[in-house]
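Beneath this line is the structure, given in structure tokens, with notes to follow.
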Amino acid sequence: MTDPLNPGIAPAGNFIEQIIRDDLATGRVQKVVTRFPPEPNGYLHIGHAKSICLNFGLAAQYGGDCHLRFDDTNPEKESQEYVDAIVADVQWLGFAWSGEVRYASDYFGQLYQWALYLVDNGLAYVCELNGEQMRDYRGTLTQPGRPSPFRDRPSSESRTLLEAMRRGEVAEGAMTLRAKIDMASANINLRDPVLYRVRKVAHHRTGSDWNIYPSYDFAHGQEDAIEGVTHSVCTLEFAANRPLYNWFVEHLPLPSQPRQYEFGRLNLTHTMTSKRKLKQLVDEGVVDGWDDPRMPTISGLRRRGVSAAAIRQFCNSLAVAKTDGVVDIAQFEHFIRDDLNNNAPRAMCVINPLKVVVTNCQQGELLTVANHPNRPELGERQLPFDAELYIDAGDFSEDTTLSRKKFKRLVIGDYVRLRGGYIIRADEVVRDSDGAIAQLNCSLVEGTVGADGPDGVRPRGVIHWVSAIRSQPAELRLYDRLFNSPEADGGDGELLEQINPDSLKVVANARVEQSLGDAALGVTYQFEREGYFTREDSAGEQLVFNLTIGLRDSGRGQG
RNA sequence: UGGGGUGUCGCCAAGAGGCCUAAGGCAACGGGUUUUGAUCCCGUCAUUCGGAGGUUCGAAUCCUCCCACCCCAGCCA
């Protein structure tokens with residue numbers, strides 16, 4: 001698609017791109033600079049992926065730079081573990097930031113100088129109201145606030161006090177530095193917001209250098225200005241903070257004038273994208289950790305077998321707008337399947353083994369099968385075929401009245417194709433002492449590997465199988481959605497009650513084809529007719545596969 | 001309630017006064033192909049744009065009023 005007026009240039013895709021095009025056209029901006037600014041207080045999730053794709057994508061599309069900058073202004077909640085995990089996730093997603101990884105804490109010195117500047121110019125003051133008092137003075141949504149009794153103290157006094165705060169001579173909570181803006185503003189964010197608070201906590205990067213830390217509002221825009229960020233893209237809930245963001249841009253001698261734009265964050269049904277709540281699941285042991293395959297975190301999705309490309313494609317399919325909707329998880333799943341269908345090597349795994357004895361099989365052999373039905377370049381592999389096989393118990397029924405259309409599997413007296421191998425006929429059921437089905441005796445039709453059967457031999461369908469003697473035992477971890485309710489992000493409190501008790505089912509006795517014995521880590525396979533699976537890293541030598549996602553199933557089948 | 005934002009098919013979403021008796025994707029539902037009940041292919045799926053008025057030859061697009069939902073009263077981000 002090209003713009004007929006500007007051949008070769010794609011039309012502006014969303015409102016932010018339109019703004020960027022205008023800025024580039026009018027010369028307000030020479031080079032686009034964006035940033036992805038996570039707080040290292042948790043792991044990245046699918047919602048962040050949208051922001052990452054947007055910010056890095058914008059920079060790439062318009063020949064600009066995108067920075068990775070940690071907004072590490074609250075040492076109480078932040079840690080190096082999170083920094084490391086976030087860096088790894090952004091890299092895994094396939095993005096490269098411009099320059100070094102940056103940190104808000106790199107700018108603490110400059111930020112402090114600017115705080116002093118505001119104090120000296122009568123635009124900020126040290127306030128001694130405690131939390132409760134400050135809330136009281138702030139007023140409500142409908143009533144204006146009242147000025148703090150410390151609002152008009154001499155700037156020299158504020159300066160002395162701020163310096164004392166910085167040296168650690170003031171108790172936590174005893175004083176704050178506040179901007180002097182407008183206690184009667186209809187926008188509560190402008191009612192003398194806190195710029196610095198006393199926190200005698202070691203910071204993961206600056207150690208004990210600081211006893212005061214800047215607030216988000218005082219830090220973010222200035223960080224952008226220092227880095228020359230031109231378009232500071234954030235989510236909708238910061239819209240009310242924009243006037244404050246701009247206030248600093250106007251009142252501080254900043255090296256550049258960044259602008260903030262807000263878009264609607266990604267919400268997914270059956271998914272929770274709140275770092276606070278995800279941390280709760282981790283802390284309470286509801287899941288295995290931040291990278292539990294059921295988590296909507298980048299690391300969880302990775303462990304689950306979802307590719308970075310699928311995440312990127314999904315994110316790029318999302319609209320960048322100001323509506324706050326909820327995307328159906330099915331839309332994400334579509335992109336996961338689409339990517340996997342195109343790229344996953346095929347293999348066979350029998351989840352619920354039923355022994356089949358091929359009574360007319362003289363000796364075992366090696367069949368050659370394609371790794372992908374329509375991508376020959378993905379190669380072939382050898383598949384052992386023997387007189388003893390396993391098929392899935394669900395692929396056999398004793399009900400011989402089932403129609404061919406309704407049950408495309410094995411019944412006594414009829415034929416079925418073994419995927420990549422022979423057509424076989426089920427001849428008899430062998431039972432154990434309890435009367436349960438112990439084994440199936442079948443016979444193969446000679447000459448049907450890679451060829452149709454003779455007249456009268458029309459298989460009902462195609463089923464998967466493995467050799468009983470030349471296959472491997474494996475454990476399967478079958479995941480389902482963590483939350484029953486589509487509105488997982490909804491209310492508070494009842495978080496645990498929404499958890500799907502069957503979000504993990506372990507199948508201990510599956511059998512996988514021989515070639516999967518050395519299945520590579522990080523590769524997602526399609527177990528034919530079942531779903532996509534990837535090898536679990538933490539299981540060591542043991543063969544354990546995590547279910548990424550099942551195949552699309554047009555119903556009507558059973559088990 | 002004061003301020004800010006949003007309302008187009010079940011979900012996401014194009015749409016910037018006539019080309020809209022409204023794109024596209026997901027989902028759903030029919031049908032075809034198929035050695036995966038997968039993939040793929042074909043088809044169906046909003047006379048209507050939160051509601052009511054108005055302006056106009058003409059409105060989802062402009063005006064007015066109303067309704068609904070989201071965000072803001074952390075020394076979180």
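Order of the sequence lines sets the chain letters (A, B, ...), proteins ahead of strands, with each chain counted from 1. Treat the numbers as computed from the prediction; the structure is a model and nothing was measured.
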*Are OP1 or OP2 of B/U36 and a side-chain N or O of A/His464 less than 4.0 angstrom apart?*
no

*Any idea which of B/U36, B/C12, B/C75 is nearest the A/Thr176 side chain?*
B/C75

*Step through it carefully: locate the ring centre of A/Phe527, locate the ring centre of A/Phe545, and say whether they are under 6.0 Å apart.*
yes

*Determine, for A/Asp392 against A/Arg409, whether the closest basic-nitrogen to carboxylate-oxygen distance falls under 4.0 angstrom.*
no

*Does any N or O donor sit under 3.5 Å from an N or O acceptor when you compare the side chain of A/Arg242 with the base of B/G4?*
no

*B/U48 and B/A23, which share atom name P, separated by this distance in whole Å*: 14 Å

*Are side-chain N/O atoms of A/Glu132 and A/Tyr137 paired as donor and acceptor at under 3.5 Å?*
no

_B/A68 - base-pair partner by Watson-Crick or wobble geometry, distances under 3.5 Å_ = B/U6

*Does A/Ser317 make a side-chain N or O approach to OP1 or OP2 of B/C26 shorter than 4.0 Å?*
no

*asked:* Suppose we call a contact any N or O donor and acceptor under 3.5 Å apart; does that hold for the side chain of A/Gln526 and the base of B/U36?
replied: yes

_Centroid-centroid under 6.0 Å between A/Phe248 and A/Phe218 rings_ = yes

*Which part of the nucleic acid does A/Leu236 contact within heavy-atom distance under 4.0 Å: base, sugar-phosphate only, or nothing?*
nothing

*Check every strand shown and say whether A/Arg529 touches a base, only sugar-phosphate, or nothing at a heavy-atom separation below 4.0 Å.*
base

*asked:* Any side-chain to backbone donor/acceptor pair from A/Arg346 onto A/Ala344? Under 3.5 Å, distance only.
replied: yes

*List in numerical order all residues of residues 183-193 of chain A for which some heavy atom is under 4.0 Å away from an atom belonging to RNA chain B.*
A/Ala186, A/Ile188, A/Asn189

*Salt-bridge test for A/Glu172 and A/Arg199: reply yes if a basic N is under 4.0 Å from a carboxylate O, no otherwise.*
yes

_RNA chain B-proximal residues of residues 38-50 of chain A, any heavy atom under 4.0 Å_ = A/Glu39

*Contact class for A/Thr448 vs. all strands (heavy atom < 4.0 Å): base, sugar-phosphate, or nothing?*
base

*Do the side chains of A/Gln331 and A/Ser317 get nearer than 4.5 Å, heavy atoms only?*
yes

*Checking all strands, does A/Lys408 fall into the base, sugar-phosphate, or nothing category for heavy-atom contacts under 4.0 angstrom?*
base

*Syn versus anti for B/G74, judged by chi lying within 90° of 0?*
syn

*Residue-phosphate contact under 4.0 Å: A/Arg178 side-chain N/O, B/C75 OP1/OP2*: no

*Tell me whether the OP1 or OP2 atom of B/G2 has a side-chain N or O from A/Thr140 closer than 4.0 Å.*
no

*asked:* Between A/Asp395 and A/Arg529 (salt bridge meaning N to carboxylate O under 4.0 Å), is one present in this structure?
replied: yes

*asked:* Any base atoms under 4.0 Å from A/Asn130, or only sugar-phosphate, or nothing? Heavy atoms, all strands.
replied: base

*Would you mind classifying the nucleic acid contact of A/Leu177 as base, sugar-phosphate or nothing, using non-hydrogen atoms under 4.0 angstrom?*
nothing

_Taking any heavy-atom pair under 4.0 Å as a contact, classify A/Gly145: base, sugar-phosphate, or nothing._
nothing

*Does A/Arg337 place a side-chain N or O at less than 4.0 Å from the phosphate oxygens OP1/OP2 of B/A27?*
no

_Distance test, side-chain N/O of A/Arg552 to OP1/OP2 of B/C26, below 4.0 Å_ = no

*So what does A/Phe238 touch, heavy atoms closer than 4.0 Å: a base, only the sugar-phosphate, or nothing?*
base

*Please determine if A/Lys275 and A/Glu39 form a salt bridge, counting it only when a charged side-chain N lies under 4.0 Å from a carboxylate O.*
no

*Have a look at A/Gly131 and say if it touches a base, only the backbone sugar-phosphate, or nothing, with a 4.0 Å heavy-atom cut-off.*
base

*Is A/Val198 touching bases, backbone alone, or none of the nucleic acid, heavy atoms closer than 4.0 Å?*
nothing

*Where the side chain of A/Lys322 is concerned, which of B/G5, B/G2, B/A77 is the nearest nucleotide?*
B/G5

*asked:* Within the 4.0 Å heavy-atom criterion, would you say A/Arg417 contacts the bases, only the backbone, or no part of the nucleic acid?
replied: base

*B/A38 phosphate, OP1 or OP2: any side-chain N/O from A/Ser554 under 4.0 angstrom?*
yes

*Using the C1' atoms only, state how far B/A13 lies from B/G25, rounded to an integer number of Å.*
8 Å

*Are A/Arg102 and A/Phe70 in a cation-pi setup, meaning NZ or CZ lies under 6.0 angstrom from the ring centre and within 45 degrees of the ring axis?*
no

*Looking at every strand, decide which applies to A/Val449 at a 4.0 Å heavy-atom threshold: base, sugar-phosphate, or nothing.*
base

*Say you pick atom C1' in B/G3 and the same atom in B/U21; how far apart are they, in whole Å?*
42 Å

*So what does A/Ala451 touch, heavy atoms closer than 4.0 Å: a base, only the sugar-phosphate, or nothing?*
base

_Base, sugar-phosphate or nothing for A/Pro373? Non-hydrogen atoms, less than 4.0 Å._
base

_Rounded distance in Å between the C1' positions of B/U56 and B/C62_ = 9 Å

_Side-chain donor or acceptor of A/Thr271 paired with backbone N/O of A/Thr269 under 3.5 Å_ = yes

_If the test is salt bridge (charged side-chain N to carboxylate O under 4.0 Å, His left out), which one of A/Arg458, A/Arg404, A/Arg425, A/Lys408 qualifies with A/Asp414?_
A/Arg404

*Determine: side-chain N/O of A/Arg138 to OP1/OP2 of B/G74, distance under 4.0 Å, yes or no.*
yes

*Side-chain ion pair, A/Arg153 and A/Glu128, N-O less than 4.0 Å*: yes

*Gap in Å between the two C1' atoms, one belonging to B/C11 and one to B/C20, rounded*: 22 Å

*Distance between the C1' atoms of B/C49 and B/U36, in whole angstroms?*
43 Å

*Which value, in whole Å, describes the distance between the C1' atoms of nucleotides B/G51 and B/A68?*
10 Å

